[in-house]
Amino acid sequence: MTDWAWHYNPSAEYVVGGLPPGVVAEVERLAAELASLGHDCVKVGRPFDREGGLREFDILGGRGFISFLAVPRHECVYVCNVTWYG
């Protein structure tokens, strides 16, 4: 377990406003899982060939994806965008 946290950036209303509640719950579950990885979350998702920067991770069987930024200096995962094809 790590002391990492996660937050929406810039806000929950901007990132997940208008999405179905099940999608929001899955985004928040994945964000908590990413934060629990600690520094290793800089390696999760796309792009596969490098660490850090804005990362993407598929959600709900490829029906969408989240874009997140893992910032080791802040010990935080910032969920920046959710794309939902549902």
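Remember, predicted model here, so these are calculated numbers, not experimental data.
- Both L19 and L30 are members of a single hydrophobic cluster when ILVMFWY side chains are connected at heavy-atom separations under 4.5 Å.
- Ring geometry for H39 versus W4: interplanar angle over 60°, hence perpendicular rather than tilted (30 to 60°).
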Start with the C-alpha gap between E33 and W6, add the side-chain angles, then the distance that decides, and say whether side-chain contact (heavy atoms from CB on, under 4.5 Å) holds. CA-CA 9 Å; E33 291 289 327; W6 72 270; over 6 Å; no
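- In this structure, V27 and V15 have side chains that are not in contact, with every pair of non-hydrogen atoms separated by 4.5 Å or more.
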With side-chain contact (heavy atoms from CB on, under 4.5 Å) as the criterion, how do V79 and V16 come out once you've worked through the C-alpha distance, each side chain's angles and the decisive distance to 0.1 Å? CA-CA 10 Å; V79 178; V16 294; 5.8 Å; no
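- For the pair F68/F57, a side-chain contact is recorded, criterion being any heavy-atom separation below 4.5 Å from C-beta on.
- Atom OG1 of T83 sits about 15.0 Å away from atom CZ of R63, to the nearest 0.5 Å.
- Of all heavy-atom pairs spanning A70 and C41, the tightest one is CB-SG, 3.4 Å.
- Shown are F65, W84, Y85; of these, the side-chain contact (heavy atoms from CB on, under 4.5 Å) with L60 is made only by W84.
- Inter-residue side-chain proximity for L54 and N81 is flagged as unmet; no heavy-atom pair is nearer than 4.5 Å.
- For the pair R46 and D58, the minimum side-chain heavy-atom distance is below 4.5 Å.
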Assess the residue pair V44 and L37 against the criterion (side-chain contact (heavy atoms from CB on, under 4.5 Å)); give the C-alpha distance rounded to whole Å, side-chain angles, the decisive distance to 0.1 Å, and a yes or no. CA-CA 9 Å; V44 173; L37 290 173; 3.6 Å; yes
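- In this structure, R55 contributes its side chain and P47 its backbone to a donor-acceptor pair below 3.5 Å.
- Under the 4.5 Å side-chain heavy-atom criterion for Ile, Leu, Val, Met, Phe, Trp and Tyr, V24 and Y14 are members of the same hydrophobic cluster.
- Under the 4.5 Å side-chain heavy-atom criterion for Ile, Leu, Val, Met, Phe, Trp and Tyr, Y78 and V82 are members of distinct hydrophobic clusters.
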